[in-house]
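Each ligand, and each atom within it, is numbered from 1 in the order the structure gives.
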Amino acid sequence: MKTLLAGYRRFRKDIWPSDKAHFAELAKGQKPHTLIIACSDSRVDPAAIFGVRAGELFVIRNVASIVPPYETHGGYHGVSAAIAFAVLNLEVERIVVLGHEHCGGVATAMAEGHSSTPFLSQWVSLLQPAIHMGGHDHDHLAVEYESIRLSLQRLMTFPFIVERVANAGLQLIGAHFKITDGTLSVLDPQSQEFQLVEEE
Ligand SMILES: [Zn+2]
(Lines give C-alpha, C1' and ligand atoms only; values in the text may rest on other atoms or scores of the structure.)
Protein backbone atom coordinates (compact mmCIF):
# COMPACT_ATOMS: atom_id res chain seq x y z
CA MET A 1 0.00 0.00 0.00
CA LYS A 2 2.98 2.26 0.67
CA THR A 3 3.81 2.34 -3.04
CA LEU A 4 0.22 3.19 -3.97
CA LEU A 5 0.02 6.03 -1.46
CA ALA A 6 3.35 7.40 -2.64
CA GLY A 7 1.89 7.40 -6.17
CA TYR A 8 -1.22 9.16 -4.91
CA ARG A 9 0.91 11.85 -3.27
CA ARG A 10 2.78 12.36 -6.56
CA PHE A 11 -0.59 12.67 -8.32
CA ARG A 12 -1.72 15.33 -5.86
CA LYS A 13 1.57 17.21 -6.08
CA ASP A 14 2.46 16.96 -9.77
CA ILE A 15 -0.75 16.23 -11.71
CA TRP A 16 -3.65 17.67 -9.75
CA PRO A 17 -2.66 21.37 -9.79
CA SER A 18 -2.59 21.50 -13.59
CA ASP A 19 -5.56 19.14 -14.04
CA LYS A 20 -7.84 20.80 -11.49
CA ALA A 21 -9.86 22.69 -14.08
CA HIS A 22 -10.21 19.57 -16.24
CA PHE A 23 -11.58 17.62 -13.26
CA ALA A 24 -13.94 20.48 -12.36
CA GLU A 25 -15.47 20.04 -15.84
CA LEU A 26 -15.57 16.24 -15.43
CA ALA A 27 -17.35 16.64 -12.08
CA LYS A 28 -20.36 17.99 -14.01
CA GLY A 29 -20.62 14.70 -15.92
CA GLN A 30 -18.67 12.33 -18.10
CA LYS A 31 -18.77 12.26 -21.90
CA PRO A 32 -16.24 9.61 -22.95
CA HIS A 33 -15.89 9.23 -26.72
CA THR A 34 -14.87 5.57 -26.64
CA LEU A 35 -15.79 2.36 -24.86
CA ILE A 36 -12.76 0.12 -24.49
CA ILE A 37 -13.17 -3.56 -23.70
CA ALA A 38 -9.71 -4.65 -22.59
CA CYS A 39 -8.05 -7.47 -20.69
CA SER A 40 -7.43 -7.24 -16.95
CA ASP A 41 -3.76 -7.96 -17.68
CA SER A 42 -1.62 -5.45 -15.77
CA ARG A 43 0.67 -4.94 -18.78
CA VAL A 44 -2.04 -3.60 -21.08
CA ASP A 45 -3.15 -0.15 -19.92
CA PRO A 46 -5.62 1.42 -22.39
CA ALA A 47 -5.08 4.99 -21.15
CA ALA A 48 -1.31 4.67 -21.55
CA ILE A 49 -1.51 3.01 -24.99
CA PHE A 50 -3.89 5.63 -26.39
CA GLY A 51 -2.39 8.57 -24.50
CA VAL A 52 -5.68 9.90 -23.17
CA ARG A 53 -6.73 11.94 -20.16
CA ALA A 54 -9.34 11.12 -17.52
CA GLY A 55 -12.85 11.33 -18.97
CA GLU A 56 -12.05 10.10 -22.48
CA LEU A 57 -12.40 6.33 -22.16
CA PHE A 58 -15.13 4.25 -20.57
CA VAL A 59 -13.27 1.04 -19.79
CA ILE A 60 -14.43 -2.51 -19.17
CA ARG A 61 -11.65 -4.89 -18.25
CA ASN A 62 -12.05 -8.63 -17.81
CA VAL A 63 -9.98 -11.76 -18.38
CA ALA A 64 -9.20 -11.93 -22.13
CA SER A 65 -11.31 -8.89 -23.22
CA ILE A 66 -14.36 -11.11 -23.70
CA VAL A 67 -17.78 -9.86 -24.82
CA PRO A 68 -20.32 -12.44 -23.60
CA PRO A 69 -23.26 -13.28 -25.87
CA TYR A 70 -26.42 -11.19 -25.50
CA GLU A 71 -28.69 -12.89 -22.97
CA THR A 72 -32.09 -11.85 -21.70
CA HIS A 73 -32.55 -14.29 -18.82
CA GLY A 74 -31.69 -13.28 -15.27
CA GLY A 75 -28.17 -13.18 -13.93
CA TYR A 76 -25.43 -10.78 -13.02
CA HIS A 77 -24.43 -9.49 -16.43
CA GLY A 78 -21.73 -7.06 -15.38
CA VAL A 79 -20.06 -6.77 -18.77
CA SER A 80 -23.34 -6.41 -20.66
CA ALA A 81 -24.61 -3.81 -18.17
CA ALA A 82 -21.50 -1.70 -18.70
CA ILE A 83 -21.78 -2.05 -22.50
CA ALA A 84 -25.44 -0.98 -22.38
CA PHE A 85 -24.65 2.03 -20.18
CA ALA A 86 -21.80 3.17 -22.43
CA VAL A 87 -23.81 2.81 -25.64
CA LEU A 88 -27.28 3.95 -24.54
CA ASN A 89 -26.58 6.44 -21.75
CA LEU A 90 -23.15 7.83 -22.58
CA GLU A 91 -23.63 7.44 -26.35
CA VAL A 92 -20.00 6.58 -27.11
CA GLU A 93 -18.91 7.02 -30.71
CA ARG A 94 -16.98 3.76 -30.91
CA ILE A 95 -16.29 0.48 -29.14
CA VAL A 96 -12.73 -0.86 -29.22
CA VAL A 97 -12.09 -4.48 -28.28
CA LEU A 98 -8.44 -4.51 -27.22
CA GLY A 99 -6.74 -7.89 -27.08
CA HIS A 100 -3.07 -8.49 -26.52
CA GLU A 101 -0.02 -10.68 -26.94
CA HIS A 102 0.74 -13.34 -24.31
CA CYS A 103 -2.85 -13.25 -23.03
CA GLY A 104 -3.08 -15.67 -20.09
CA GLY A 105 -6.86 -15.92 -20.47
CA VAL A 106 -6.52 -17.05 -24.08
CA ALA A 107 -3.78 -19.50 -23.05
CA THR A 108 -6.04 -20.95 -20.35
CA ALA A 109 -8.86 -21.38 -22.86
CA MET A 110 -6.46 -23.11 -25.26
CA ALA A 111 -5.44 -25.49 -22.47
CA GLU A 112 -9.10 -26.59 -22.64
CA GLY A 113 -9.96 -24.37 -19.74
CA HIS A 114 -8.52 -26.68 -17.13
CA SER A 115 -7.72 -24.18 -14.44
CA SER A 116 -8.03 -24.72 -10.70
CA THR A 117 -8.78 -21.01 -10.30
CA PRO A 118 -12.45 -20.58 -9.33
CA PHE A 119 -14.72 -19.17 -12.09
CA LEU A 120 -11.92 -18.93 -14.67
CA SER A 121 -12.49 -22.08 -16.74
CA GLN A 122 -16.13 -21.30 -17.33
CA TRP A 123 -15.44 -17.67 -18.21
CA VAL A 124 -12.76 -18.44 -20.81
CA SER A 125 -14.87 -21.27 -22.27
CA LEU A 126 -16.63 -18.37 -24.06
CA LEU A 127 -13.54 -18.39 -26.33
CA GLN A 128 -14.19 -21.91 -27.66
CA PRO A 129 -15.38 -20.71 -31.10
CA ALA A 130 -12.16 -18.66 -31.45
CA ILE A 131 -10.02 -21.69 -30.61
CA HIS A 132 -11.98 -23.71 -33.14
CA MET A 133 -11.21 -21.06 -35.78
CA GLY A 134 -7.58 -20.27 -34.98
CA GLY A 135 -6.09 -22.79 -32.62
CA HIS A 136 -5.09 -25.62 -34.96
CA ASP A 137 -1.34 -25.24 -34.54
CA HIS A 138 -1.43 -24.04 -30.92
CA ASP A 139 -0.86 -20.62 -32.44
CA HIS A 140 -1.62 -18.26 -29.56
CA LEU A 141 -1.44 -15.12 -31.70
CA ALA A 142 -3.99 -16.56 -34.15
CA VAL A 143 -6.39 -17.34 -31.29
CA GLU A 144 -5.87 -13.88 -29.77
CA TYR A 145 -6.86 -12.39 -33.14
CA GLU A 146 -9.86 -14.73 -33.45
CA SER A 147 -10.95 -13.88 -29.90
CA ILE A 148 -11.10 -10.19 -30.84
CA ARG A 149 -13.10 -11.00 -34.00
CA LEU A 150 -15.43 -13.15 -31.87
CA SER A 151 -16.02 -10.36 -29.34
CA LEU A 152 -16.84 -7.97 -32.21
CA GLN A 153 -19.32 -10.52 -33.62
CA ARG A 154 -20.88 -10.93 -30.18
CA LEU A 155 -21.33 -7.16 -29.87
CA MET A 156 -23.58 -7.45 -32.91
CA THR A 157 -25.86 -9.87 -30.99
CA PHE A 158 -26.93 -6.92 -28.82
CA PRO A 159 -30.00 -5.37 -30.54
CA PHE A 160 -29.22 -1.84 -29.31
CA ILE A 161 -25.72 -2.05 -30.80
CA VAL A 162 -27.07 -3.21 -34.17
CA GLU A 163 -29.44 -0.26 -34.06
CA ARG A 164 -26.70 2.28 -33.17
CA VAL A 165 -24.32 0.91 -35.80
CA ALA A 166 -27.05 1.30 -38.45
CA ASN A 167 -28.50 4.64 -37.38
CA ALA A 168 -25.99 6.50 -35.23
CA GLY A 169 -22.65 5.71 -36.82
CA LEU A 170 -21.41 3.64 -33.86
CA GLN A 171 -18.08 2.08 -34.88
CA LEU A 172 -16.86 -1.34 -33.74
CA ILE A 173 -13.08 -1.72 -33.83
CA GLY A 174 -10.72 -4.58 -33.04
CA ALA A 175 -7.17 -3.92 -31.84
CA HIS A 176 -4.27 -6.04 -30.60
CA PHE A 177 -1.37 -4.79 -28.45
CA LYS A 178 2.04 -6.45 -28.52
CA ILE A 179 3.69 -6.31 -25.11
CA THR A 180 7.09 -7.28 -26.53
CA ASP A 181 7.53 -4.19 -28.68
CA GLY A 182 4.68 -1.89 -27.63
CA THR A 183 3.03 -1.87 -31.06
CA LEU A 184 -0.68 -1.80 -31.88
CA SER A 185 -2.44 -3.54 -34.77
CA VAL A 186 -5.97 -2.70 -35.85
CA LEU A 187 -8.43 -5.00 -37.58
CA ASP A 188 -9.10 -3.89 -41.14
CA PRO A 189 -12.87 -4.19 -41.72
CA GLN A 190 -12.42 -5.06 -45.41
CA SER A 191 -9.71 -7.72 -45.27
CA GLN A 192 -10.51 -8.82 -41.70
CA GLU A 193 -6.75 -8.90 -41.10
CA PHE A 194 -4.85 -7.08 -38.35
CA GLN A 195 -2.63 -4.31 -39.67
CA LEU A 196 0.20 -2.61 -37.81
CA VAL A 197 -0.57 1.04 -37.07
CA GLU A 198 1.90 3.34 -38.84
CA GLU A 199 4.05 5.54 -36.65
CA GLU A 200 5.18 9.12 -37.12
ZN1 LIG B 1 -5.09 -11.00 -21.39
Side-chain angles (χ1 to χ4, degrees), residues 3-4 32 34-52 56-71 76-83 85-87 92 94-158 161 171-188 192-197:
T3 317
L4 292 180
T34 300
L35 163 64
I36 303 264
I37 301 170
C39 184
S40 300
D41 194 299
S42 61
R43 302 164 294 181
V44 185
D45 178 356
I49 293 168
F50 295 109
V52 295
E56 293 193 62
L57 305 180
F58 191 83
V59 182
I60 300 170
R61 293 180 78 160
N62 65 46
V63 172
S65 337
I66 296 173
V67 173
Y70 178 73
E71 289 175 335
Y76 297 99
H77 298 293
V79 174
S80 302
I83 292 171
F85 184 74
V87 171
V92 293
R94 69 191 64 76
I95 303 175
V96 177
V97 175
L98 177 64
H100 69 98
E101 184 191 33
H102 301 321
C103 183
V106 168
T108 301
M110 289 175 74
E112 293 179 12
H114 295 314
S115 165
S116 57
T117 310
F119 307 109
L120 195 57
S121 300
Q122 198 184 351
W123 175 249
V124 298
S125 73
L126 283 169
L127 294 179
Q128 281 308 318
I131 294 166
H132 186 71
M133 292 288 289
H136 309 297
D137 307 313
H138 298 282
D139 182 346
H140 283 240
L141 184 65
V143 179
E144 285 161 10
Y145 285 165
E146 282 302 336
S147 301
I148 296 163
R149 294 186 186 103
L150 177 66
S151 279
L152 292 169
Q153 287 159 17
R154 287 215 175 109
L155 284 173
M156 289 299 278
T157 64
F158 289 67
I161 291 182
Q171 294 178 288
L172 306 185
I173 296 159
H176 181 272
F177 178 71
K178 251 183 157 176
I179 293 167
T180 316
D181 61 7
T183 56
L184 187 76
S185 298
V186 172
L187 185 65
D188 179 75
Q192 281 297 302
E193 297 298 325
F194 281 84
Q195 294 179 349
L196 195 63
V197 175

J.: Between atom CZ of Arg61 and atom CD1 of Ile36, what is the distance when rounded to the nearest 0.5 Å?
T.: 10.0 Å
J.: Which of these passes side chain to side chain contact (heavy atoms under 4.5 Å, CB included) with His140: His102, Glu101, Met110?
T.: Met110
J.: Everything protein-side that's N, O or S and under 2.8 Å from the Zn ion (ligand 1): list it, residue and atom.
T.: Cys39 SG, His100 NE2, Cys103 SG
J.: Would you give me the side-chain donor-acceptor pairs under 3.5 Å for residues 64-71, sequence neighbours excluded?
T.:
{"unit_1": "Ser65", "atom_1": "OG", "unit_2": "Cys39", "atom_2": "N", "d": "3.2"}
{"unit_1": "Ser65", "atom_1": "OG", "unit_2": "Leu98", "atom_2": "O", "d": "2.8"}

J.: Measure the CG-OH distance between Leu187 and Tyr145 for me, rounded to the nearest 0.5 Å.
T.: 10.0 Å
J.: Between Arg94 and Thr34, does any side-chain donor sit less than 3.5 Å from a side-chain acceptor?
T.: yes
J.: Quick one: does any side-chain atom of Glu144 pair with a main-chain N or O of Val106 as donor and acceptor, under 3.5 Å?
T.: no
